[in-house]
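Remember, it's a predicted structure, so these values are computed and weren't measured experimentally.
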Amino acid sequence: MNKFNTLFRGIEVLIAFFLAIMIALVFVNVVLRYGFSTGFAWSEEISRLCFIYLVYLGAIGAMRDNQHLIIDSILTRIQPAAQKAVFLLVQAGIIWVMVVLSMGSWQLVIQNLGDRWVATQFPVFLIFGVGLVTGVAIILLSLANIYRLVVLKLSVSELISVRHEADSEQTGNIQ
């Protein structure tokens, strides 16, 4: 488990790195454009790439912690057996969508192997490759959620980290 924690910590560091680069490049480009009527053409492409990677890697991190937006009002009111069924159905849906994302990303990587960006000459497939990585990672995380539910017998509330306002008031935590 330590290796996985290190891997996801590395993803968080990459997200912070991409965010810092994106903010710095956009800020410098704005100052150059408004202050000096010039700018770096390549900074827009690098900022775009950083933003795309930030979003896709953030989706992996959110999936790992089960922190995506959920509507738990119905889920918390149904019986535990029905909760498990709904959770399994949601995980199956996530896997299906990520298979579609992975297959589409792979096709786009293959189609764009020879294409390059105008200003930086970076390969265009870098944009679509992260979709493939994200799709496969989220499939594996969904399979791990199913494993924890079925084999390890964790409850759905433990898996989705549902916190109610009453719980936070009792513990004094602010959400």
Side-chain angles (χ1 to χ4, degrees), residues 1-72 86-150 159-161:
M1 201 62 174
N2 266 347
K3 291 180 184 179
F4 287 115
N5 290 337
T6 303
L7 175 68
F8 285 103
R9 182 70 183 141
I11 289 174
E12 291 171 0
V13 168
L14 272 174
I15 290 170
F17 174 75
F18 288 135
L19 182 62
I21 294 296
M22 185 178 70
I23 290 170
L25 288 175
V26 169
F27 176 76
V28 168
N29 222 21
V30 167
V31 169
L32 287 174
R33 283 190 180 163
Y34 287 105
F36 304 101
S37 296
T38 186
F40 301 125
W42 52 266
S43 71
E44 291 180 26
E45 291 181 359
I46 300 295
S47 297
R48 184 178 309 127
L49 185 65
C50 287
F51 180 71
I52 291 167
Y53 273 67
L54 183 138
V55 169
Y56 277 99
L57 293 176
I60 295 171
M63 181 65 186
R64 184 221 184 192
D65 297 332
N66 286 311
Q67 295 295 320
H68 283 285
L69 292 174
I70 61 170
I71 301 173
D72 65 342
V86 169
F87 186 79
L88 286 172
L89 185 63
V90 167
Q91 294 304 308
I94 289 171
I95 290 170
W96 177 75
V97 169
M98 290 300 111
V99 166
V100 171
L101 174 71
S102 298
M103 290 171 47
S105 295
W106 178 249
Q107 290 172 354
L108 289 169
V109 164
I110 298 301
Q111 286 176 358
N112 292 290
L113 279 177
D115 295 342
R116 301 233 176 237
W117 286 0
V118 175
T120 60
Q121 293 300 306
F122 284 157
V124 173
F125 72 83
L126 288 176
I127 296 173
F128 306 113
V130 73
L132 179 63
V133 170
T134 300
V136 170
I138 291 178
I139 288 169
L140 293 174
L141 290 168
S142 287
L143 290 172
N145 281 338
I146 292 170
Y147 175 81
R148 290 188 289 177
L149 180 72
V150 174
L159 291 171
I160 62 172
S161 303

Return the CG to CD1 distance between Leu7 and Ile60, rounded to the nearest 0.5 Å.
8.5 Å

Steps toward side-chain contact (heavy atoms from CB on, under 4.5 Å) verdict (Trp42, Leu25):
CA-CA 10 Å; Trp42 52 266; Leu25 288 175; 3.7 Å; yes

Would you say that more than 12 heavy atoms from the other residues, nucleotides or ligands in this model lie under 6.0 Å from the CH2 of Trp117, or not?
yes

Backbone N or O of Val133 within a donor-acceptor pair of the Tyr56 side chain at under 3.5 Å?
no

Minimal heavy-atom distance between Ser105 and Phe128, with the atoms involved, is CB-O, 3.4 Å

Which heavy atom of Cys50 sits nearest a heavy atom of Met22, and at what distance?
CB-CB, 4.0 Å

Sorted by chain and residue number, the salt bridge (charged side-chain N to carboxylate O under 4.0 Å, His left out) partners of Arg9 (sequence neighbours excluded) come out as Glu12

At their closest point, which heavy atom of Leu101 faces which heavy atom of Gly131, and how far apart are they?
CD2-O, 3.6 Å

Stepwise side-chain contact (heavy atoms from CB on, under 4.5 Å) check, Leu32 with Phe40
CA-CA 8 Å; Leu32 287 174; Phe40 301 125; 3.4 Å; yes

With Ile95 as partner, the option from Ile146, Leu141, Ile138 fulfilling side chain to side chain contact (heavy atoms under 4.5 Å, CB included) is Ile146

On a heavy-atom basis, which atom in Leu132 and which in Ser102 lie closest, and how many Å separate them?
CD1-O, 3.5 Å

Just do the side-chain contact (heavy atoms from CB on, under 4.5 Å) check on Phe122 and Ile46 with the steps written out, would you?
CA-CA 9 Å; Phe122 284 157; Ile46 300 295; 3.1 Å; yes

Main-chain N/O of Ala119 paired with Glu45 side-chain donor or acceptor, under 3.5 Å:
yes

Just how far is it from atom CD1 of Ile94 to atom CG of Leu143, taken to the nearest 0.5 Å?
11.0 Å

